[in-house]
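Sequence lines set the chain letters: A, B, ... in the order given, protein chains first and strands last, and positions in each chain run from 1.
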Amino acid sequence: MGWNQLRPIQVDAISWVLDGRGDLVIAAETAGGKTEAAFLPVISRIAENQKPSVQAIYVGPLKALINDQFSRLEDLCRHAEIAVHRWHGDVSASAKRKLVRSPTGILLITPESIESLFVNRSQHLARVFGSLEFVVVDEIHSFMGTERGTHLLSLLNRLESLSSTRPARIGLSATIGDMKAACEWLKNGQSTQVGLISGTGERDLAIIVHGYLKKRPVTIPGAGEGFPGDEGGDEYAIAMDIFQALKGKTNLVFGNQKGKLEYYTDLLNRISIGNRYPPEFLVHHGSLSKQVRQAAEHDMRSDRPSTTLCTNTLELGIDVGFIDSVGQLDPPFSVGSLIQRMGRSGRTEGAPAKLRFYIQEVEPEPRSPPWHNLHLSLLQAIAMVELLVEGWCETPQVTSPQYSTLVQQILSVLAQTGGIGAQELYSVLVRKGPFKRVSVDDFRMLLQSLGDRDLLEQMSEGDLILGLRGERIVRHYDFYAAFATPEEYRIVSDGRDIGTLPSLYLPQVGHHLILAGKRWKVVSRDDKAKLLVVNKARGAKAPKFVGGYGDIDANIRCKMLELLVQDEVPTYLDRTAATLLQTSRSSASQMGIHESSFFESGQDIIVLTWTSSRINRTLELVGRCAGFKTIDIGVGLVFEDCDEGRVQNLLHDYTTLDSSGMELVQHADVLAFEKYDEFLPPLLLAKAFVETRLDIRGARAVAAELVEATDYRVDS
DNA sequence: GACCTGCTGCGGTATG
């Protein structure tokens, strides 16, 4: 291959795997040679002793990633004469039939396609995977703590039980906060030891944080329309700065909201044309059609400069060629995400990664609540940069029992076997599989509930089989994924797919729309085909998508508070950002943030907790449960129409209460989040909510800290 | 005040 030498992680992985020392996690940055580290020894082992069975599988989270790895592995395997196959939704049925007829070598596959094998080709599985020796899982950090991850672990467990010997698992991961958690995830309760090989990836960073203050429109009484004040901090100013800094080179600008990225792409291209410059801004996200996305990817790899505004779609390792610098609109939701995004720039030897933040704050009104003066977005961005430089990164939380995914796996095993006893079902999925925390009683209750809803039925001799409704669910092609997706309409122009929009926010016929960075007018709507036909137009309105809240780690909030009580101004802030930080510090000191966590605001009490989203969500429900009107504001909570003493008592009482959290559930607005939650009995639905959305122990610890800090102040 | 991911079998028609 023209390589001069192997990298250290490759040398270590080769001896680990060739010595047969068992399961392994390999952690290194993107393009750190992880794939070769895993596959060089795997290929050696297979070449020694080829069998008429798939001997190694590679599981990847994306079709595009599988396609990339497929070409790389084909090159590596050519001389060893080992076949490489891929299996995902875009692979032809004939290629799939061919593999099933004569299984060999290495198979690259998605979790959903493994699921489809169990449902549609169960009679061939023992032959195809009877001599499976290696299971390689790529990007395991993207699976940890998600439904898709639990789904995958269940499938691997079922797959491995078909093989005569237990295959070795090799996980490939980006660096996460606690690598042991990745080893534990891969091991999934089995008694094996999991080795860890980590690559070091120190790089120089060039970071600047641009701050903007958007003035509120000033309304003069009697003048009717408000008119804007100083134009310095609005979206146009931000776009102007992006245009000046990024034009003429190839860059990525990450954002958190698809609608906002569409808006900025349109604005940036208008600015380009207005300045007699080619419109070279592209957009890339999950609601754009495959053709639109591939066109953007193609442009990025070409020599022509272009800047692509994107979401996490371009965060994982898809090849987009050389990227000069990375922009970030608003702070992202995790440091891990920031590291991955930054890692996409300056991929040449010795070149620093370049990162530009664009953070817009809005000027508070005279009667705004006090935390509006703290410029929380800016604080969050700075906190994340500080944590990144310190080398800290989140560890994905893997805690929940995932009843929704268990429902899917029960239906899948029933489809695979045609019928099975309840005890054996329990053994396959719970005792040996990833649902170990589900008790026998809960499992029985779940089966009962699925029986009541006609998903399954019990025959007279005791075996469970699919019910009529269960049969319908399993036979629909929507069954294979463990995660839910909202209902969408396809947006089509001239017979070509542009993208999709959620049914919830469809523009009306005759109205305008920006999508794929272009302007459209809605011509017609077909509810049966879920189709919106559009034509090119001059009018424009940014699209709206369905969204929720991002969970933020406690450490980020903690660092935000730290920044408020320090004096030092980081060197990577521009002038406005530095001024805004000073303003938030003086507001914080005026509030008395050093002395207390409790603040009066009108009739309300504000408690600033500076902790995780999950803890705040829990404390919000604790308040509601005790009859308070409580609102979660991200960095803390508001207790409406209240006084500090009552809040203190509430928190104090909560620290002494020994509760499981189940009493909080009835005060939550929504309980069902996951795909098969609608089939759960109420008790399990409540348990799932407590385990995945709340943090009972954390909330109690924070409540105790808040109360103790107050006691100390009163005493002294 | 959020983002992302995945998917089968079929019947029809065109091509070799």
Task: Residue A:Gln257, side-chain atoms from C-beta onward, closest of B:dT8, B:dC4, B:dA2 - done: B:dA2

TODO: Check the side chains of A:Ser173 and A:Glu139 for a donor-acceptor pair under 3.5 angstrom, ignoring hydrogens and angles.
DONE: no

TODO: Kindly indicate whether a cation-pi arrangement holds for A:Arg148 with A:Phe143, taking the cut-offs as under 6.0 Å to the six-membered ring centre and within 45° of the axis.
DONE: no

Task: Residue whose closest nucleotide on DNA chain B lies nearer the 5' end, A:His476 versus A:Gly286 - done: A:Gly286

Open item on the list: Please determine whether a side-chain nitrogen of the Lys or Arg among A:Lys290 and A:Asp90 lies less than 4.0 Å from a carboxylate oxygen of the Asp or Glu.
Closed with: yes

- [ ] Kindly state whether the pair A:Phe483 / B:dT5 counts as stacked, where counting means centroids closer than 5.5 Å and planes tilted less than 30° apart.
- [x] yes

Open item on the list: Does A:Asn312 contact B:dC3 through a side-chain donor or acceptor facing the base, at a distance under 3.5 Å?
Closed with: yes

Open item on the list: Side chain of A:His285, heavy atoms from C-beta onward: which of B:dG9, B:dC4, B:dT5 has the nearest atom to it?
Closed with: B:dC4

- [ ] Please work out if A:Arg97 contacts a base, only the sugar-phosphate, or nothing of the nucleic acid, heavy-atom cut-off 4.0 Å.
- [x] nothing

Task: Modelled atom types, side-chain donor and acceptor of A:Gln416 and A:Arg158, under 3.5 Å - done: yes

Open item on the list: Regarding B:dG1, can its base be found pairing with the side chain of A:Asp330 as donor and acceptor, where the two atoms are less than 3.5 Å apart?
Closed with: no

TODO: Return no unless some side-chain N or O of A:Ser334 is found under 4.0 Å from OP1 or OP2 of B:dC3.
DONE: no

